[in-house]
Amino acid sequence: MAKHIFVTGGVASSLGKGLTASSLGRLLKCRGLRVAMQKLDPYINVDPGTMNPFEHGEVFVTRDGSETDLDLGHYERFVDEAFSGDSNATTGSIYAAVIAKERRGDYLGRTVQVIPHVTDEIKERIRRLATDDVDVVITEVGGTVGDIEILPFLYAIRQFRNDVGRANVCYVHLTLVPSIGPAGEHKTKPTQHSVEELRSRGIQPDVIVCRSDQPLTAGLKRKISLTCDVPLAAVISNIDVTNIYEMPLVLHAEGLDDHVCSLLGFDGPGHAVDLSGWEAMVARARAASRTVRIGLIGKYVTLPDAYLSVVEALRHAGFYHGAQVEIDWIRAEEVTGLLAEGRLAQLSGIVIPGGFGERGVEGKIAAASYAREHGLPCLGICLGLQAMVIDVARSLAGLEGANSTEFDPLTAYPVIDLMEDQRKVVDYGGTMRLGTYAAVLQPGTRVAAAYGEPVVRERHRHRYEVNPRFRQRLERGGLVCSGTSVDDRLVEMVELPEHPFWVGTQSHPEFLSRPDRPHPLFRELVGAALERASGTGRDGTRPEVAAVTGR
């Protein structure tokens with residue numbers, strides 16, 4: 001029978017519940033336990049798929065094509081498991097399921113109420129993950145204790161304790177211990193009030209994880225233990241770290257996993273922790289002696305969380321090469337002006353990430369063009385690939401005014417367009433290509449060398465495709481369609497072979513990158529950027545010489 005850990009938060013939002021839950025998941029996996037993770041979100045949207053990136057940040061796509069909260073990206077990166085849509089449930093999706101059951105008559109005409117019907121649905125979502133292949137399910141409850149939206153979730157996880165037995169449940173509560181005044185004195189009163197609020201809902205935390213800028217003193221821990229009715233060993237100091245991947249090591253040193261395993265009966269000799277691999281990865285990151293500057297040409301750069309997985313994938317690649325990646329956040333709408341100022345010339349590489357809508361697209365195309373003409377390593381992701389294809393069409397293939405029908409429905413050369421079967425779908429979300437798809441890589445190409453295998457599987461989230469009607473014209477212009485769908489109908493990856501690194505992918509490779517196993521495309525991008533920064537290309541020449549201008 002699977003055990004359950006519930007992670008809640010208090011005092012303030014954005015304290016790091018997701019990272020704390022992910023770190024605990026990694027520690028338990030390092031003990032040989034099979035871990036599943038889940039996020040319960042209190043917002044009424046069914047999923048974040050239609051939410052503005054400025055509102056919610058990145059939409060993380062799971063292997064089965066579910067659009068989920070960005071915390072699932074942390075879960076997968078730390079635990080190194082591929083989760084499904086069952087790992088994310090929102091108030092909207094739960095109420096939609098309850099109402100659908102009521103309309104079908106599943107409740108036999110009874111009055112439908114929050115208790116028991118909504119709480120039962122929440123508990124059902126938790127049980128779905130507790131399969132025979134899982135030892136521990138870690139469920140993070142979004143929001144903050146005291147929020148009105150969170151109440152059904154708190155009631156559900158309280159009831160869950162009685163359903164599965166007290167010995168099979170552990171409650172972890174994350175709070176803030178702020179530093180106040182010139183002397184930087186830490187105050188425990190916010191933590192006390194947060195725990196009191198949680199206890200008023202019938203939940204006594206087993207562990208209190210305290211976020212602070214400095215380690216808690218023994219006296220502060222003793223005070224929290226006494227006032228919040230938890231053992232001293234259950235008061236965990238979770239201090240700020242410069243590298244989020246150090247957090248499992250910090251929490252382990254504080255004894256978090258030891259205490260949780262003791263509570264759940266996983267403290268036997270068969271569950272000794274082995275952190276050697278994770279420690280080696282963190283040591284590589286700490287030892288990074290070089291710095292490389294990568295520009296991120298985005299539409300939502302004022303909210304970095306909109307590109308969270310891209311940023312982490314770049315950092316992973318930096319760990320691999322022993323380098324710190326500095327990101328230059330560049331608004332796509334400002335690229336034309338920045339080209340005149342020479343800002344892109346100061347970079348060693350660029351990433352053009354995904355996005356939707358017309359705003360900033362010409363800037364992305366201009367960035368792709370600059371990278372192509374000046375030998376600047378460039379990785380285009382999703383819309384980034386489309387911008388690269390449009391640039392080649394206009395500059396190398398003689399298709400003046402080429403565009404995507406997403407931005408110019410009347411363009412004479414729709415090199416990016418909806419496929420015919422997509423046009424028949426009325427529902428906005430129904431035209432999306434979501435989830436994992438296979439790509440066949442062309443032998444001898446840069447992407448084939450990067451991946452080291454002929455067929456790869458990547459996650460997608462997009463609507464428009466490279467128009468197959470123009471594929472031959474693009475290839476005559478020099479573009480290599482280096483990855484295609486299994487039936488050769490859709491273009492999955494493109495590149496320019498004469499360039500140091502100018503590669504586009506229709507997928508989102510950032511979702512599969514791991515801190516100890518960077519994604520091949522990000523690894524190669526950062527490698528090429530480091531070579532440019534050092535002044536020589538892979539062939540020993542200045543990188544600026546290896547450019548593709550079409551002139």
Test your reading of the model: is there a side-chain donor-acceptor pair from [X] to the backbone of [Y], 3.5 Å cut-off?
X      : Y      : result
Thr139 : Gln38  : no
Ser513 : Glu510 : no
Asp274 : Ser276 : yes
Glu58  : Ser309 : yes
Asn88  : Asp69  : yes
Glu406 : Gly357 : yes
Lys299 : Gly354 : no
Glu495 : Arg446 : yes
Thr445 : Gln442 : yes

Within-4.5 Å side-chain heavy-atom neighbours: [X] and [Y]:
X      : Y      : answer
Val456 : Met493 : yes
Met247 : Arg26  : no
Asn238 : Glu254 : no
Arg532 : Pro377 : yes
Leu28  : Ile138 : yes
Glu81  : Val35  : no
Gln386 : Gln506 : yes
Arg77  : Leu308 : yes

As an exercise, state the distance from [atom1] of [X] to [atom2] of [Y], rounded to the nearest 0.5 Å.
X      : Y      : atom1 : atom2 : answer
Ser404 : Glu465 : OG    : CD    : 10.5 Å
Arg523 : Tyr451 : CZ    : OH    : 10.0 Å
Phe511 : Arg63  : CZ    : CZ    : 15.5 Å

Between Val466 and Leu385, is a side-chain contact (heavy atoms from CB on, under 4.5 Å) present by the stated rule, with each step listed? CA-CA 9 Å; Val466 176; Leu385 170 140; 3.8 Å; yes

So [X] and [Y], would you call those rings parallel, tilted or perpendicular, with 30° and 60° as cut-offs?
X      : Y      : result
Trp329 : Tyr307 : tilted
His374 : Tyr370 : parallel
Phe78  : Trp278 : tilted

Are more than 12 heavy atoms, taken from residues, nucleotides or ligands other than [X], located less than 6.0 Å from that residue's [atom1] atom?
X      : atom1 : value
Gln472 : CD    : no
Glu358 : CD    : no
Glu400 : CD    : no
Tyr320 : OH    : no

Residue pair [X] / [Y], side-chain donor-acceptor N/O under 3.5 Å:
X      : Y      : value
Arg394 : Ser369 : no
His74  : Glu312 : no
Glu458 : His519 : yes
Thr131 : Asp133 : no
Thr505 : Ser507 : yes
Tyr75  : Glu140 : yes

Begin with the C-alpha distance, continue with both residues' side-chain angles, and end with the deciding distance and a verdict on side-chain contact (heavy atoms from CB on, under 4.5 Å) for Val440 and Asp488. CA-CA 8 Å; Val440 178; Asp488 200 39; over 6 Å; no

Considering non-hydrogen atoms only, spot the tightest contact between [X] and [Y] and give its length.
X      : Y      : answer
Val351 : Ile381 : CG1-CD1, 4.0 Å
Gly18  : Asp71  : CA-OD1, 3.6 Å
Val301 : Ile330 : CG1-O, 3.7 Å
Cys378 : Ala371 : CB-CB, 3.7 Å
Pro414 : Asn467 : O-ND2, 2.9 Å
Glu67  : Asp47  : O-CB, 3.4 Å

Evaluation steps, side-chain contact (heavy atoms from CB on, under 4.5 Å), between His316 and Phe522: CA-CA 8 Å; His316 302 163; Phe522 283 91; over 6 Å; no

I'd like to know whether Cys481 forms a side-chain contact (heavy atoms from CB on, under 4.5 Å) with Glu475, so could you lay out the CA-CA distance, the side-chain angles of the two residues, the decisive distance to 0.1 Å, and finally the verdict. CA-CA 7 Å; Cys481 297; Glu475 290 176 334; 3.7 Å; yes

I'd like to know if Arg469 pairs up with Asp417 as an ion pair, taking the criterion as any Lys NZ or Arg NE/NH1/NH2 lying under 4.0 Å from an Asp or Glu carboxylate oxygen.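 Answer for the salt bridge query: no.
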
